[in-house]
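In what follows, a single structure is set out as structure tokens and then discussed.
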Amino acid sequence: MKKIYLDYAATTPLDKEVFEAMLPYFEEKFGNPGSVHILGQEAQAALDNARLAISKCLNAKPEEIIFAGSATEANNLAIRGVIKAISNGKKPHIITSAIEHESILETCRDLENHNLVEVSYLGVAGNGIIKVDDVQGAVKENTVLISIHYANNEIGTIQPIAEIGAAVARLNDARLVKGQERIYFHTDAVQAFQFFDISPKKLSVDLLTFSGHKIHGPKGIAALYVNSESVLEPIITGGGQEFGLRPGTENVPAIVGFAKAVELAASSREEANKRTKDLRDELYLGIAKIKREVKLNDAREPRLPNNLNLSFPGHTGEELLLLLDSEGVAVSTGSACQAKSAKPSHVLIALGLDEREANSSLRFSLGRPTTKEEISQTLKVIEKIFLRLNT
Ligand code: PLP
């Protein structure tokens, strides 16, 4: 039985070109970029070239790209790093949303639990989209950081990042006149990178997270874009790597692979966007024909072209996931980080779904390699499963 993978929001397979670019750095070019000898210089050159290639794709400067071990770590560096760097005697205030990834929410909660910050969690009732007015309305005198993700990993909704960025820039202009501290704006663009140009300057963001394994690069590598205006302190201590912001010997093979994956994603966005959306819509229409009661969470555009989050009334997502898996189709009930938890998705609850509806959801997420044949085969499997369940 040929397996069909429809869980690209959880992770993606390594692109062959990425794998090939990485190979020499596991084998003969294994040096530590910190070493002075030729092997070390070779590794340093690979690191510099990778940083340069990524910075070009983001229309940024090489020194604005800080490599980290995961998007979770990069998000921690953005939030904890800003909070650590600010010491004006007032308790700092952070604005975020109720539908962020756990790496944002748990970091904010941890800082709150240690009484280090106060946090406003903006709601998204109904449509999964954060309102610019709500962000502006939540700003207080002690607000130092706003962290809003670019695209949601469970329901695919896309947030008005450029509009929020412009609003924050206006607030900062007014603060500058009054001699007040500026507000930093961070976005977690992990799910968006594959499909959209996330150039930080275009979005007016100070800090931006993106990750290797969501774009057909390796796991264990991500980056935080940090513009030159941001004040940030490292959250781990050690050597001076990554401009002092992320000490630890650099993962050269992964960084080389990440750069290749970034270049491939940037050059295939337009085509991937259209193709994936067409296949996703074909899958949705096919499922809606098989199961008329199916509910799309959330139908609102703009949303990621690869995301389809559906509630199947009368069934649990887990039951359907296991049946699909037994037929060779891999999907998810929501975020991979929460997949093994019995708790309903915090994103679907924030949308206004009740626990039962939230627990009846399945997330299909398509990727660059998804084919028309895979979609047809998946629809056949879904039809077979519901025929069996209804008898
Ligand atoms: N942010 C978003 C939006 C994500 O979807 C994910 C992973 O699913 C992460 C952050 C964290 O990525 P990782 O688990 O690779 O650190």
Side-chain angles (χ1 to χ4, degrees), residues 5-14 18 66-81 96-110 121-122 124 128-130 146-159 161 186-196 198 203 205 207-225 235-236 246 248 251 254-255 257-258 261-262 265 298 302-309 330-341 345-348 350 361 363-367:
Y5 184 74
L6 293 175
D7 198 15
Y8 288 90
T11 195
T12 58
L14 202 66
V18 171
I66 309 298
F67 292 115
S70 63
T72 297
E73 189 197 324
N75 282 343
N76 268 266
L77 176 59
I79 296 174
R80 294 181 194 273
T96 189
S97 85
I99 61 168
E100 300 294 313
H101 185 265
E102 290 76 5
S103 52
I104 298 287
L105 290 176
E106 289 305 318
T107 304
C108 287
R109 284 190 197 116
D110 184 55
Y121 300 91
L122 303 178
V124 290
I129 297 181
I130 294 141
I146 297 174
S147 181
I148 303 287
H149 63 320
Y150 193 120
N152 189 267
N153 51 312
E154 294 192 39
I155 54 173
T157 46
I158 293 162
Q159 308 305 334
I161 297 302
H186 168 246
T187 189
D188 170 352
V190 163
Q191 294 289 342
F193 197 98
Q194 177 63 63
F195 300 105
F196 303 107
I198 53 147
L203 300 171
V205 298
L207 303 152
L208 180 144
T209 301
F210 55 109
S211 162
H213 76 104
K214 308 285 187 182
I215 58 166
H216 302 276
K219 294 178 181 59
I221 190 70
L224 182 68
Y225 159 85
I235 55 172
I236 51 173
R246 203 280 188 168
N251 185 349
I255 289 170
F258 188 21
V262 163
D298 167 82
R303 102 193 135 96
L304 289 175
N306 71 330
N307 173 285
L308 191 58
N309 191 311
V331 299
S332 148
T333 51
S335 154
C337 306
Q338 295 268 296
K340 289 178 185 149
S341 127
S345 145
H346 68 280
V347 175
L348 297 181
S361 76
R363 178 187 69 184
F364 297 82
S365 51
L366 285 62

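Computation of the quantities below employed the complete heavy-atom set of this structure, encompassing side-chain atoms and omitting hydrogens, waters and symmetry-equivalent molecules. Just so it is clear, the model here is predicted, and its values are computed rather than measured. As the structure lists them, so they are numbered: ligands from 1, and atoms in each ligand from 1. Counting from 1, the numbers follow the sequence of the chain as shown.
For the side-chain hydrogen bond (donor to acceptor under 3.5 Å, both in side chains) with D188, the lone residue among N75, N153, T209, T96 that qualifies is N75.
Below 30°, between 30° and 60°, or above 60°: for F258 and F67 the angle between ring planes is above 60°, a perpendicular geometry.
A side-chain donor-acceptor contact under 3.5 Å links E100 to the backbone of H149.
The H213 neighbourhood of ligand 1 comprises atoms 15 (O), with distances under 4.0 Å to a heavy atom of that residue. Counting atoms of ligand 1 from 1 in the listed order, those under 4.0 Å from a heavy atom of S70 are 16 (O). Those atoms of ligand 1 that come under 4.0 Å of a heavy atom in S103, given as number and element, are 10 (C).
When only interatomic distances are considered, the shortest N/O to N/O separation between S211 and ligand 1 does not fall below 3.5 Å.
The option from N75, T72, N153, D188 that lies nearest to atom 2 (C) of ligand 1, judged by heavy atoms, is D188.
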Quiz item: Taking it one step at a time, do F195 and Y150 satisfy side-chain contact (heavy atoms from CB on, under 4.5 Å)?
Solution: CA-CA 11 Å; F195 300 105; Y150 193 120; over 6 Å; no
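Residue K214 places a heavy atom under 4.0 Å from ligand 1.
No side-chain donor-acceptor contact under 3.5 Å links T157 and N152.
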